[in-house]
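One-based numbering along the sequence shown. These figures come from a predicted structure and were not determined experimentally. What's counted below: heavy atoms across the whole structure, side chains too, no hydrogens, waters or symmetry copies.
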Amino acid sequence: MANDTQPNKLYRNNRNGTFTEEGVAAGVAFGEDGVARGAMGVDAGDYDRSGRPHLLVGNFSNQMLGLYHNEGTGLFVDEAPASTVGRASLLTLSFGVFFWDYDLDGHPDIFAANGHIEEEIGRVQPRVSYREPPLLFRNLGKRRFEDVTSKMGPQFNRPIVARGAAYADIDRDGDLDLLLTTNHGPAYLFRNDGGNRNKWLCVRLVGTQSNRSAIGAVVKLESASGKQWNRVRSGSSYCSQSDLALTFGLGSDARVTALEIEWPSGARRRLANLEANQFLTIQEGAGIVRP
């Protein structure tokens, strides 16, 4: 739980209907200076294919994004200060943030929607602006990211006062498009052109014993380039919800050799030998159904 000017919280599920708060012990409650930050948006994703969920937190200006690597021992380490992610985001105030695979290479990338809360902040801090462009970091693998914002065109780089951010495949071409909302301004819808040069698989789940939207279901898949997983979730980013369908980038892999679903009810489903570049709707208990 990302908290503005208060310590962030991390609640561990005790598997008996109760939770234990472990934010301080896990290393996610404060910044590296031991001070609570102005945290806004938050998301979780496996950006290094370790099989573990890592955390992304949008923070106030002069605080940089938080990129918490899950060490698998109950401890998280913020990798932003020593990375391109931290350097590029230091002066921005990030609200909407999430992991997404915009280029479908199988490695989750990072997006941040930015905008300050003080219209005259530039008078006090000349290097900080009220209107700020978004940030897009391409995942290079091996826990490295590249700031590719400047390569996305002049409209994408327009300074705005962004707040909410969400993604979905609006034109059904396989890659994920982007929607931003702004303060006292219009929404911006960016179509992703060229992200589908790589192969992909989109999986939409329909629960029967589980909730109909399959919130909490985990999908794991294997292809020639390795293993991936993702969880169906309705809440991430800031005041926003992205499409509940899970889009997996496959790079040059022509097919998925195995796909396994862990439903919230405890049921499991395994499918094999699926061709890439298709939309699948899978219903709990029935398997693949027509959209």
Side-chain angles (χ1 to χ4, degrees), residues 2-6 8 28 30-33 35-45 47 54-69 78-100 102 108-140 143-167 178-190 236-240 242:
N3 296 316
D4 185 9
T5 73
Q6 297 294 317
N8 296 328
V28 300
F30 304 99
E32 61 177 359
D33 56 0
V35 177
R37 299 195 281 194
M40 302 294 180
V42 63
D43 196 17
Y47 65 82
H54 313 288
L55 299 175
L56 175 66
V57 180
N59 292 310
F60 211 80
S61 55
N62 296 305
Q63 293 179 346
M64 74 181 60
L65 291 171
L67 182 61
Y68 295 97
H69 185 266
D78 188 0
E79 297 192 322
S83 74
T84 300
V85 172
R87 291 190 294 271
S89 65
L90 177 60
L91 298 179
T92 57
L93 199 168
S94 299
F95 277 81
V97 296
F98 47 70
F99 292 107
W100 67 326
Y102 82 92
D109 310 298
I110 290 174
F111 176 80
N114 306 312
H116 212 277
I117 61 174
E118 299 290 344
E119 293 187 17
E120 302 298 326
I121 187 62
R123 295 177 179 269
V124 181
Q125 300 181 43
R127 299 178 63 198
V128 178
S129 301
Y130 177 55
R131 293 176 175 81
E132 302 170 342
L135 287 170
L136 179 60
F137 298 98
R138 181 170 179 262
N139 191 333
L140 303 177
R143 294 158 67 170
R144 296 179 299 114
F145 289 88
E146 174 191 7
D147 182 3
V148 295
T149 310
S150 62
K151 301 177 181 180
M152 297 297 113
Q155 292 185 341
F156 188 88
N157 281 267
R158 178 197 298 114
I160 58 177
V161 187
R163 293 295 184 258
Y167 57 82
L178 177 66
L179 177 68
L180 303 182
T181 64
T182 65
N183 256 14
H184 304 294
Y188 294 93
L189 180 61
F190 293 99
S236 64
S237 191
Y238 170 83
C239 294
S240 307
S242 295

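- In this structure, Thr92 and Ser89 have side chains that are in contact, with non-hydrogen atoms separated by less than 4.5 Å.
- Taken from CG in Asp147 to CZ in Arg87, the straight-line distance is 10.0 Å, to the nearest 0.5 Å.
- Arg144 CZ: more than 12 foreign heavy atoms inside a 6.0 Å radius.
- With values rounded to the nearest 0.5 angstrom, Leu140 atom CG is found 8.5 Å from Phe145 atom CZ.
- When all heavy atoms of Ala113 and Ala162 are compared, the pair lying nearest together is CB-CB, 3.8 Å.
- Under a 3.5 Å cut-off, the side chain of Arg37 and the backbone N or O of Gln63 do form a donor-acceptor pair.
- Using bins of under 30°, 30° to 60° and over 60° for the plane-to-plane angle, the ring pair Phe98/Trp100 lands in the perpendicular bin.
- Put simply, NE2 on His184 and CD1 on Ile160 are 14.0 Å apart, with the number rounded to the nearest 0.5 Å.
- Looking only at distances, no side-chain donor or acceptor of Asn183 sits under 3.5 Å from a matching main-chain atom of Val161.
- A donor-acceptor pair is defined here as one N or O able to donate and one able to accept, closer than 3.5 Å; no such pair exists between the side chain of Thr84 and the backbone of Glu146.
- For Asp4 against Met40, the heavy-atom pair with the smallest separation is OD2-CE, 3.5 Å.
- Atom CG of residue Leu136 and atom CD1 of residue Ile110 lie 9.5 Å apart, to the nearest 0.5 angstrom.
- Remark: the backbone N or O of Gly115 is paired with a side-chain donor or acceptor of Arg163 at under 3.5 angstrom.
- Scanning all heavy atoms of the two residues, the minimum distance from Leu55 to Ala44 falls at CD2-CB, 4.0 Å.
- Counting only distance, with no hydrogens or angles, the side chain of Ser94 and the backbone of Ala112 share no donor-acceptor pair below 3.5 Å.
- The structure places CZ of Phe99 at 4.5 Å from CG of Leu56, a figure rounded to the nearest 0.5 Å.
- Minimum heavy-atom separation, Leu135 to Ala88: CD1-O, 3.8 Å.
- The two residues Val97 and Val57 come nearest to each other via the heavy atoms CG2-C, 4.4 Å.
- The shortest distance between side-chain heavy atoms of Asn62 and Gln125 falls below 4.5 Å.
- Of the possible polar contacts, one joining the Asn59 side chain to the Met64 backbone as a donor-acceptor pair under 3.5 Å is found.
- Ring geometry for Phe60 against His116 counts as perpendicular: the plane angle is over 60°, on a 0 to 90° scale with 30° as the lower cut.
- In this structure, Thr182 contributes its side chain and Gly185 its backbone to a donor-acceptor pair below 3.5 Å.
- Residues Val42 and Tyr68 fail the side-chain proximity criterion, which asks for heavy atoms closer than 4.5 Å.
- Formation of a donor-acceptor pair under 3.5 Å by the Asn114 side chain with backbone atoms of Pro133 is found in this model.
- For the pair Phe95 and Ile117, the minimum side-chain heavy-atom distance is below 4.5 Å.
- No side-chain heavy atom of Leu178 sits less than 4.5 Å from a side-chain heavy atom of Tyr102.
- Contact record, Arg158 with Tyr188: NH1-CE2, 3.0 Å, taken as the closest heavy-atom pair.
- Asn139 places a side-chain N or O within 3.5 Å of a backbone atom of Tyr47 that can act as its donor or acceptor partner.
- Rounded to the nearest 0.5 angstrom, Arg143 CZ and Leu67 CG are separated by 9.5 Å.
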* Evaluate side chain to side chain contact (heavy atoms under 4.5 Å, CB included) for Glu132 paired with Leu93, printing each intermediate quantity in order. => CA-CA 8 Å; Glu132 302 170 342; Leu93 199 168; 4.2 Å; yes
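- Remark: the backbone N or O of Gly164 is not paired with any side-chain donor or acceptor of Ser240 at under 3.5 angstrom.
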* Asked: Between Asp43 and Phe111, is a side chain to side chain contact (heavy atoms under 4.5 Å, CB included) present by the stated rule, with each step listed?
  -> CA-CA 10 Å; Asp43 196 17; Phe111 176 80; over 6 Å; no
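- The side-chain heavy atoms of Phe190 and Met152, taken from C-beta on, include no pair separated by under 4.5 Å.
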